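Step one of this worksheet: look at the structure below.
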Number of protein chains: 2
Amino acid sequence: MAKILCVLYDDPVEGYPSSYPLDEIPRIERYHDGQLTPTPAQIDFQPGQLLGSVSGELGLRPFLEAAGHELIVTSEKDGPDSVFARELPGADVVISQPFWPAYLTSERIAGAPKLKLALTAGIGSDHVDLQAAMEHGLTVAEVTYSNSISVAEHVVMMILALVRNYIPSYQWVVKGGWNIADCVERSYDLEGMQVGSVAAGRIGSAVLRRLQPFEVGLHYTDRHRLPKEVESELGVTFHEDVESMVSVCDVVTINAPLHPETENMFNAELLAKMKRGSYIVNTARGKICDRDAIARACESGQLAGYAGDVWFPQPPPADHPWRSMPHHGMTPHISGTSLSAQARYAAGTREILECWLDGRPIRDEYLIVDGGKLAGAGAHSYSPGDATGGSAEAERFKQR
Amino acid sequence: MAKILCVLYDDPVEGYPSSYPLDEIPRIERYHDGQLTPTPAQIDFQPGQLLGSVSGELGLRPFLEAAGHELIVTSEKDGPDSVFARELPGADVVISQPFWPAYLTSERIAGAPKLKLALTAGIGSDHVDLQAAMEHGLTVAEVTYSNSISVAEHVVMMILALVRNYIPSYQWVVKGGWNIADCVERSYDLEGMQVGSVAAGRIGSAVLRRLQPFEVGLHYTDRHRLPKEVESELGVTFHEDVESMVSVCDVVTINAPLHPETENMFNAELLAKMKRGSYIVNTARGKICDRDAIARACESGQLAGYAGDVWFPQPPPADHPWRSMPHHGMTPHISGTSLSAQARYAAGTREILECWLDGRPIRDEYLIVDGGKLAGAGAHSYSPGDATGGSAEAERFKQR
């Protein structure tokens, strides 16, 4: 019988709503590329419920306990005395999420002799030291595509909100004012602007597709060039490198995984190559941007605004400069954990566990590391080598 | 020589920025349907400047004074002692804006014997009593299309922000928290939802076009049905009446002019026919919705959220319930007065004045009332008869 250790974010501090706002959520059968949404044998939850926090348990308990497995769910993930650290040595499976990452460092992997499967309930496994996972023969899997569209919607929303100066204008309403000129002295239309995406994978290309009718100029850079027909369908211009792209863009959105080539990509040097008054929306990973360089650029006006939902570390301390710098539109790491996304990644987690427990193959598109090497989705998105050191660095940060 | 009385919103109370965020704004030559953007002989401003407030003067002063005309610019528009009321009897032209409407009631029109042209720097002339304008032989003109896309972008932004619960999530960042579950217990994806537009004119159809790649179901109702090929290109379902449309929609956006058929359309009775947990975004006119019925629906959960930027009256009092009701994402009336829109409607105002002062015809698409009847754009959007009584009612409200 397997021991499954599941790290999820905390329950609402303001309590659960007496009923969810919507009675049901739309049912999505296939993603844009035709891939089927998760196909577990069964689910034990109502889509639209809060599943991603501790008491939601991803809807897994009835299924796992009926089959005699042990499920431990906790939000305590940091430091050597956390439930996560204490239970890890006996765990066969770790489930974690990018929104509340349980960092699986090489030290922790070395100290978890029974661990066979690191499962990301969501997308993005950079909280796992992939090199160590390969060396220890772990399988690393994630629910590919489950929340890509959720994130793409967040990106488009944030681009519009920054360019149009939404949140400061909302605040005038709440304060009782009608200060049109104060609202609009930073408000523009997106129409006609040049918008570039760093990477055009599932999220990046979904962002570009959603922006196409806004009559903007579209650009991207990626180490994998899109097929000519997709470039032409989207009307998007390819750039060989990020410097060339950002120099012509008014808005840049970052949709790349975190790996050695993207870590710290948006540093002071690259920001200086952008047009004065550009906007950045980063829902990819916090470490792709230099924290202090971004804050300084927002203060100087080199950036007209910065938004996104990814930070380093997560959660960020209360004095993280991105919480208070001018003209930001940040959220906590939520774009990929809407109630709609939760229903899909909970179903995908169930599907992966059903396969793994039955000894059936996990869908290739869900695999990041398998059989000691980068596999499936992982080979596309990640580079071999200790991805970024991010997992260990975050853990050290937490232990200060 | 003509006397031109121009009512604009107040300058920023927080002062002008030392420099505008962007060095230049995109140049748009033609609108989506091929119509040329404004074509004045000349402009005396830099696109991207703040032109819509009092000191901006729509960039008109050098031009008008060089030709010997008198220009009076004020934000004082309410009550019998306002600059607007005092100067109106001698004015040949009144320029006003929907964001800060100088209500031209039938009484005021009767008291302005020299008035020949009521010019809206923007779109939407319901602050003018159109019936009285017809009877007194006024020309009413507006800068058709100048800010339609600005408004359409605001609508898409607000739909995403409501459905994804953006602003409350942003507020957790600013408060220093990381309350993922509190953020997402009201956060959904737009994907798969049914979205309906009340009217599919320039703004409504631009909204539908922008929403198409979000893979939602699209619906509309309008007294003018779109051509079959446009319906098919947009993949949008026509509904004969608003009741039929709202009963199947998760999100409703209102993009109709205010006239007797739309006034108070979203009252308690219609709201009760919507799905529980629907969202409304209204950037059309405040009086299309029943103020108190909307607030009650947000409180009861019948509406999951309400956003928009139009109110009644404008400015709304500090205790207007839409400022404080739950789950709202309101802004002041700004969607059509982004700096990008200002550059276009200031140029269009200049174009209309150049024509009128030279005795040349004003573009047909700019005309609402001309020669004693509804004309051009007006015949499409408005009904004969005293449109809504809104102008007189707002004025009475102000004088309480």
Side-chain angles (χ1 to χ4, degrees), chain A residues 9-14 17 21-23 25-26 28 50 53 99-100 149-150 153-154 156-157 160-161 164 166-167 169-170 172-174 176 178-193 209-210 212-214 276-277 304 315 318 323 329-332 334 337-340, chain B residues 9-14 17 21-23 25-26 28 50 53 99-100 149-150 153-154 156-157 160-161 164 166-167 169-170 172-174 176 178-193 209-210 212-214 276-277 304 315 318 323 329-332 334 337-340:
Chain A
Y9 49 79
D10 286 304
D11 284 333
V13 295
E14 295 194 337
L22 312 188
D23 295 327
I25 62 171
I28 314 291
L50 186 58
S53 64
F99 329 109
W100 188 253
I149 299 307
S150 316
E153 290 186 3
H154 217 68
V156 176
M157 172 185 81
L160 287 165
R164 306 193 62 77
Y166 182 24
I167 293 177
S169 305
Y170 163 84
W172 278 111
V173 165
V174 175
W178 186 258
N179 299 49
I180 306 277
D182 293 278
C183 294
V184 300
E185 68 179 25
R186 299 188 65 84
S187 177
Y188 299 92
D189 292 351
L190 182 61
E191 187 189 20
M193 288 192 174
R209 187 169 297 111
R210 278 157 182 72
Q212 195 179 17
F214 283 87
R276 188 186 78 87
R323 291 186 187 269
M330 300 293 298
T331 65
I334 60 164
T337 183
S338 62
L339 295 172
S340 321
Chain B
Y9 48 80
D10 286 304
D11 285 332
V13 295
E14 296 195 338
L22 312 189
D23 295 328
I25 62 171
I28 313 291
L50 186 60
S53 65
F99 328 110
W100 188 252
I149 300 306
S150 316
E153 290 185 4
H154 218 67
V156 177
M157 172 185 82
L160 287 166
R164 305 192 63 76
Y166 183 24
I167 293 178
S169 305
Y170 162 84
W172 278 112
V173 165
V174 174
W178 186 258
N179 300 51
I180 306 277
D182 293 278
C183 294
V184 300
E185 68 179 26
R186 299 188 66 83
S187 177
Y188 299 91
D189 293 350
L190 182 61
E191 187 187 20
M193 288 191 173
R209 188 170 296 111
R210 279 157 182 72
Q212 196 180 16
F214 284 87
R276 188 187 78 88
R323 292 185 187 270
M330 300 293 297
T331 65
I334 59 162
T337 184
S338 62
L339 296 171
S340 321

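All chains are named by letter (A, B, ...) in the order of the sequence lines, taking the proteins before the strands, and each is independently numbered beginning at 1. Source: prediction; values computed, not measured.
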Heavy-atom side-chain proximity of W172(B) to V13(A) below 4.5 angstrom = yes
query = Mind checking whether P213(A) and P213(B) have side chains closer than 4.5 Å, heavy atoms only?
reply =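 The answer is yes; the side chains approach within 4.5 Å.
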query = With D10(A), which residues qualify under side-chain contact (heavy atoms from CB on, under 4.5 Å), at least two apart?
reply =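 D10(A) satisfies side-chain contact (heavy atoms from CB on, under 4.5 Å) with S75(A), W100(A) only.
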Among [options], which has the most heavy-atom pairs under 4.5 Å with chain B?
options	value
Q212(A), E191(A), H154(A)	E191(A)
G329(A), A318(A), A181(A)	A181(A)
L160(A), I25(A), V156(A), D11(A)	L160(A)

Pairs of heavy atoms under 4.5 Å with chain A: top-ranked of [options]:
options	result
R209(B), E14(B), E185(B)	E185(B)
G192(B), P21(B), A161(B)	P21(B)
C183(B), S169(B), A304(B)	S169(B)
I167(B), V174(B), N179(B)	I167(B)
L50(B), T331(B), V184(B), L22(B)	L22(B)

Roughly how far apart are [X] [atom1] and [Y] [atom2], rounded to 0.5 Å?
X	Y	atom1	atom2	result
T337(B)	F99(B)	OG1	CZ	4.5 Å
I334(B)	Y166(A)	CD1	OH	9.5 Å
R210(B)	I149(B)	CZ	CD1	4.5 Å

inquiry  = Can you tell me which portion of Y9(A) sits under 4.5 Å from chain B's heavy atoms? Options are side chain, backbone, both or neither.
reply    =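 The side chain, not the backbone.
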query = Can you name the salt bridge (Lys or Arg N to Asp or Glu O under 4.0 Å) partners of R164(A), sequence neighbours left out?
reply = D189(A), E153(B)
query = Which region of L339(B), side chain (C-beta onward) or backbone (N, CA, C, O), has a non-hydrogen atom less than 4.5 Å from a non-hydrogen atom of chain A, or is it both or neither?
reply = both
key: Residue part contacting chain A, namely of S53(B), when any heavy atom lies under 4.5 Å   =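 Only the side chain of S53(B) comes within 4.5 Å of chain A.
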